[in-house]
Participant: 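The structure follows.
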Number of protein chains: 2
Amino acid sequence: MSEHFQGQTLFRTHNAGELRKEQVGQKITLTGWVQRRRDLGGLIFIDLRDRSGYVQAVFEPTHSDAALMALGDKLRTEYVIAVQGTVAARDEKAINNKIATGEIEVKVEAVEILNAAKTSPFFIQDNIEVDENLRLKYRYLDLRRPEMQKIFITRSKTVKYFRDYLDDNGFLEVETPMLTKSTPEGARDYLVPSRVHPGEFYALPQSPQLFKQLLMVSGFERYYQVARCFRDEDLRADRQPEFTQLDIEQSFIPLDKFHEMIEAMMTGLFKKVMDVEIPSPFPRMTYAEAMARYGSDKPDIRFELELKDLSEQVRGCGFKVFNAAVEAGGQVKAIVAPGCASYSRKQIDELEAFAKRYGAKGLAWMALQEEAVKSPIAKFFSEEELQALITTVGATKGDLILFVADSKKVVADSLGSLRSKLGRELNLINESEFKFLWVTEFPLLEHDEESGRYVAAHHPFTMPMVEDLHLLETDPASVRAQAYDLALNGFEIGGGSMRIYNREVQERMFKALGFTLEEAWEQFGFLLEAFEYGTPPHGGIAFGLDRLIMIMEHRQSLRDTIAFPKTSSASDIMTAAPSPVTDFQLETLHIARQGKAIVETNDPVTK
Amino acid sequence: MSEHFQGQTLFRTHNAGELRKEQVGQKITLTGWVQRRRDLGGLIFIDLRDRSGYVQAVFEPTHSDAALMALGDKLRTEYVIAVQGTVAARDEKAINNKIATGEIEVKVEAVEILNAAKTSPFFIQDNIEVDENLRLKYRYLDLRRPEMQKIFITRSKTVKYFRDYLDDNGFLEVETPMLTKSTPEGARDYLVPSRVHPGEFYALPQSPQLFKQLLMVSGFERYYQVARCFRDEDLRADRQPEFTQLDIEQSFIPLDKFHEMIEAMMTGLFKKVMDVEIPSPFPRMTYAEAMARYGSDKPDIRFELELKDLSEQVRGCGFKVFNAAVEAGGQVKAIVAPGCASYSRKQIDELEAFAKRYGAKGLAWMALQEEAVKSPIAKFFSEEELQALITTVGATKGDLILFVADSKKVVADSLGSLRSKLGRELNLINESEFKFLWVTEFPLLEHDEESGRYVAAHHPFTMPMVEDLHLLETDPASVRAQAYDLALNGFEIGGGSMRIYNREVQERMFKALGFTLEEAWEQFGFLLEAFEYGTPPHGGIAFGLDRLIMIMEHRQSLRDTIAFPKTSSASDIMTAAPSPVTDFQLETLHIARQGKAIVETNDPVTK
């Protein structure tokens, strides 16, 4: 049915990147792009690329007629072509062991130019040094580069694996709505004006949380979804306005079985997609322990460099900064930078500036140099005290000890961040390693300084630990939740909890959050009502798919894992979204533009 | 780790609906809902339901202590419980062959009440007669009903099957953005105001069309996605504001191979999920033939009742209504309602009223009664003419012939719709049958009466048939497209086309649509630019998943196939979305409410 294509009569029989010596002598047809063209001794060499890789095709005057050679001569980089020819072994000296198809080439017998191509704004090859905005404007060309294709092949395989695993384990994929109700809790919603209901709005979901819990009320028992979620937040390198979440919820099974199932899913993923063996069970650590040892609730445990608590040891010491911190209920902690005793003053100043970004007022240090301990604070300690400190932190000659004395939070933030920085910069991390860690027993509530009240650390439906329930009214800050995160290499890749399914506990939770029961019903009435009709015990987890792929593919930016991502100002440079719309569109939706910045954006597209 | 649950210490070992005689004697634990409770002769019988079905559990004073009996006595419908007990064979006379677990029962030895339940607003059972609004308000209870669970199990299996099939065929799943650019073509967009770019808006995608074509430009070659799409249109029973599409695009392969692959996918689906054998290849029919024979571009070919063209036969006849229609370039066509010669005048009037809804000015008829032909128009024809008409339409004694004389469009719409109505009402349809049909060679362009210009019948990137290309400027209405629909039982379940990938053809297409090249670039610049960098021949298809599930599950409404659907006013009754939002939210988004209806919607939630 070639009439359905303009001019294409040759259709692919083989993938370019999969040709090997076994195909020598076979007549084949390839379709793809001209990766590059070289002319040599009257011959024309083409690297023909398709999704599978590339292969060399050669136009030879000896067996090609003049018309064919003339067609070959027309070919340019990124032309789309179909090539028919015979697979031949390369001469011994022409074999290229660097590429998978390097032992063979294709002797061209017919060619069709399916489409021409202008010169690309950048090379279609890996490891290019190109401004990211240019890559995003020409995203369709950026995605042609093999390293980018590989990311999306990994992503497709990963999602497929998850679906297979969950399907095998009795989970049903159920789709939940995108046009939902705006709730004031949580991050900022993206809103969608309603045409049918003037003055009313839908919200795009921040997660399918409430719907997946309702599915448990519905008796679906095991649910999953690869769900698009939306948060209108200011963006960082690891945030996107729309992101994808592997969302899982289950009823009736105990937490340890649930965690086992998730571990088996993750180890299976790495085995299947990466061919990497991950030992299981994964290590697990309470939130309290993670914060104490690493200053982070998602520590990278590929390296040690742990935080050492010196608070008791320095209590009453001669250095009043340490002493004051401890007296004020804070902490003094230290980490040991191995082999950094020779750091210059400038290097140490840089570390201090870094620590200050996380709230530290200063960074005390001791360099264990060959001859002596060099330190601006050594004078405040006796020799015995000094040696005792060095022993406690486990430092040896050549090391640099870094101290922060401050509130618990500042100590954790600043030393935890310093730890990560030093881990990277001192090459303490085996980049090919993947280390999972369960972090458990998160606090149920966080005190919000601004409003002076407690807010849910996860969300208001998180189940407290039963042994802490009695503290919910008397000491809410100390109540731990049946909440858990899964960390991988220092990133939180997933988080979840067991949910409250008991009305009495739910009402106590809302009270702890400072809601009246009326307010709670106003906001979450449909869920509270649902809970009265026979809600099973349930819980779940959600994984950030974009971030997981970023880690698996050793990328630095989430943008590399999303086919058509947004910039840090939430724009799509390629399609120019968002964009002005017509007045008529807005009228139909019963809204008007407002605010002073509007006039400037009235560009021709709105006319 | 029972402390993670309030009170749950018994965890499921078996699914209730899967217990059989083979498990007799085994000690098991079940978890689920109380479907019903009966007390009989001092015993308490519970039907315990979970996702797999249900089983009878019995509390017997003979082996249950008083405390257990007291617990059993507390149970009410829809309570959530865990039950431990031993599987026992039922007495011969108690065997219930109507249910899968009817040969056994569970002798209860321990029970935990995991949650209580209020009385449901309707029975949790199949075939209930309940107002749909009540079902939607308590959707989580509606979804508990086994017939609803079955739909979503079918849906999950269907999607899983598609993914497996496409993955096996080398397709990659790639996600495309939800926050995209608004384009004035097509249906009305849902808009999302931007916070970062005042006065600018995203649009929710009506389909991933442009992005999937860009993925072909990117060399992904084979793409699929189960994609949520949005259209802000007035809703009918078979429309939803958000719907799900199985979206497929491929490069380089010929149309017939593509259709073969799609056919194998569909026959495989019905085999796997429904255990139904569908013969292939599917019949195929051009658009022109479908309209001529069935008056529909998505005919239900499970029954015949075809339209017969009498235009030439009645030209110059004595009935001036027929004659005038033919002279005016219209048609006279008829269908034969088998066995309906005895229809009363009232019945025929109803058929006429139905035809008039589709634009017919009247419905002529001839009843071939036993004794004579009864017809108000018989007098205009000679006996020979009458017999010739009867022969042409293939009617026999007892049949009713129905005629429409009008423009081609009105004849097709009215007789096509009458055909469907009669097919259903005369029981001509085997409801257990599934008949696929390819409809091909759709018109490329449609003339829009309102604007007086041509618009794209599918979209502006649809490839014309090569043999019609020369007519694009001289006779655009006659140009056929390389566009195809897949129909199933009278529904369009999918549609697609080969795409234009040649710049010259694309420019001629835009010209035919009345665009200047500047206007085309203003709207679709990024795609046109992409097409210049080496675009492969490509095409694809998209299937409406909700509708496919509706047909597979023999449902009448799309709402039954969507877990949390919207009503015909695009509302979610359960969560009350859309809803008013705070002024602060709107200010942040640089918009204001506008229009007179606003005041009325200022309800307490906005305060």
Side-chain angles (χ1 to χ4, degrees), chain A residues 1 3-5 8 31 51 78 80 117-118 140 143-144 156 160 167 172-174 177-178 181-182 190 192 194 196-202 214 217-219 221 252 255-256 466 482 526 530 532-537 563-564 569-570 574-575 577-578 581 590-595 597-598 601, chain B residues 1 3-5 8 31 51 78 80 115 117-118 140 143-144 156 160 167 172-174 177 181-182 190 192 194 196-202 214 217-219 221 242 252 255-256 466 482 526 530 532-534 536-537 563-564 569-570 574-575 577-578 581 590-595 597-598 601:
Chain A
M1 295 185 64
E3 79 273 17
H4 289 282
F5 287 89
Q8 186 176 8
T31 50
R51 202 178 80 188
E78 298 308 317
V80 186
K118 292 203 301 193
Y140 45 87
L143 290 175
R144 240 183 234 175
S156 184
K160 184 63 171 52
D167 187 74
L172 294 177
E173 184 179 3
V174 182
M178 291 281 168
K181 185 185 165 81
S182 181
Y190 277 104
V192 181
S194 164
V196 184
H197 304 276
E200 300 193 345
F201 294 79
Y202 305 95
L214 289 170
V217 178
S218 299
E221 298 188 2
F252 292 122
L255 182 56
D256 50 357
V466 174
Q482 293 186 34
F526 64 98
E532 302 208 82
Y533 287 101
T535 300
F564 300 100
S569 69
M574 181 186 67
T575 64
V581 297
H590 322 287
I591 58 171
R593 300 178 197 89
Q594 195 183 51
I598 304 312
T601 65
Chain B
M1 297 185 61
E3 78 273 18
H4 289 281
F5 287 89
Q8 186 176 9
T31 50
R51 202 178 79 189
E78 300 306 317
V80 186
N115 222 336
K118 291 202 303 193
Y140 44 87
L143 290 175
R144 241 182 233 176
S156 184
K160 183 64 171 56
D167 187 75
L172 294 177
E173 184 179 3
V174 183
K181 184 186 166 79
S182 180
Y190 277 104
V192 182
S194 165
V196 184
H197 305 275
E200 301 193 344
F201 293 80
Y202 305 96
L214 288 169
V217 178
S218 298
E221 299 188 3
E242 48 178 314
F252 291 124
L255 183 55
D256 50 357
V466 173
Q482 293 186 34
F526 65 97
E532 303 209 80
Y533 286 102
F564 300 100
S569 70
M574 180 186 68
T575 63
V581 296
H590 322 286
I591 58 172
R593 299 178 198 89
Q594 194 185 48
I598 303 314
T601 65

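All chains are named by letter (A, B, ...) in the order of the sequence lines, taking the proteins before the strands, and each is independently numbered beginning at 1. Because only heavy atoms are used, hydrogens play no part in the values below, and waters and symmetry mates are left out as well, while side chains stay in.
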Participant: Looking only at non-hydrogen atoms, find the nearest pair between V80(B) and P537(A) and report the distance.
Facilitator: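 For V80(B) versus P537(A), the nearest heavy atoms are CG1-CD, 4.4 Å.
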Participant: Measuring heavy-atom distances to chain B, does T31(A) have an atom under 4.5 Å in its side chain, in its backbone, in both, or in neither?
Facilitator: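 Contact with chain B involves both backbone and side-chain atoms of T31(A).
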Participant: Shorter than 4.5 Å, heavy atoms on both sides: which option in A530(B), A577(B), G219(B), S218(B) has the most such pairs with chain A?
Facilitator: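 The candidate making the most pairs under 4.5 Å is S218(B).
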Participant: Could you report the tightest heavy-atom contact between H197(A) and S569(B), atom names first, then the distance?
Facilitator: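 That would be NE2-O, 2.8 Å.
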Participant: Go through the structure and list residues passing ring-ring contact (aromatic ring centres under 6.0 Å, His included) with Y533(A), not counting sequence neighbours.
Facilitator: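 Result, ring-ring contact (aromatic ring centres under 6.0 Å, His included) vs Y533(A): Y138(B).
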Participant: Pick whichever of P536(A), S194(A), A570(A) has the most heavy-atom pairs under 4.5 Å with chain B.
Facilitator: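 Counting heavy-atom pairs under 4.5 Å, the top option is P536(A).
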Participant: Rounded to the nearest 0.5 Å, what separation is found between the CD atom of E532(A) and the CD atom of E78(B)?
Facilitator: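 CD of E78(B) is found 14.5 Å from CD of E532(A).
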Participant: In the structure I gave you, are the side-chain heavy atoms of P578(B) and Y202(A) within less than 4.5 Å of one another anywhere?
Facilitator: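 In short, these two side chains touch, coming nearer than 4.5 Å.
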Participant: May I ask you to name which of L143(A), V174(A), V196(A) has the most heavy-atom pairs under 4.5 Å with chain B?
Facilitator: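 The residue among L143(A), V174(A), V196(A) with the greatest pair count is L143(A).
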Participant: Drop me the distance from M574(A)'s CE to K181(B)'s NZ, to the nearest 0.5 angstrom.
Facilitator: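 It is 11.0 Å, given to the nearest 0.5 Å.
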Participant: With a 4.5 angstrom heavy-atom cut-off, which part of V217(B) approaches chain A: side chain, backbone, both or neither?
Facilitator: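 Its backbone and side chain both get close to chain A.
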Participant: Of all the heavy-atom pairs spanning Q594(A) and I591(B), show the shortest one and how long it is.
Facilitator: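 Closest approach of Q594(A) to I591(B), heavy atoms only: OE1-O, 3.4 Å.
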Participant: Check E242(B) against M178(A) and note the closest heavy-atom contact, atom names and distance.
Facilitator: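 Closest approach of E242(B) to M178(A): OE1-N, 2.8 Å.
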Participant: How close do V192(B) and V192(A) get, heavy atom to heavy atom, and via which atoms?
Facilitator: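 Closest approach of V192(B) to V192(A), heavy atoms only: CG2-CG2, 3.9 Å.
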Participant: Which atoms of K118(A) are under 4.5 Å from chain B, going by heavy atoms: the side chain, the backbone, both sets, or neither?
Facilitator: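 K118(A) touches chain B through backbone and side-chain heavy atoms alike.
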Participant: Quick one: closest heavy-atom pair of K160(A) and K160(B), and the distance?
Facilitator: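 Minimum heavy-atom separation between K160(A) and K160(B): NZ-NZ, 4.5 Å.
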Participant: With sequence neighbours excluded, what pairs up with F564(B) under the ring-ring contact (aromatic ring centres under 6.0 Å, His included) test?
Facilitator: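 Listed in chain order: F211(A).
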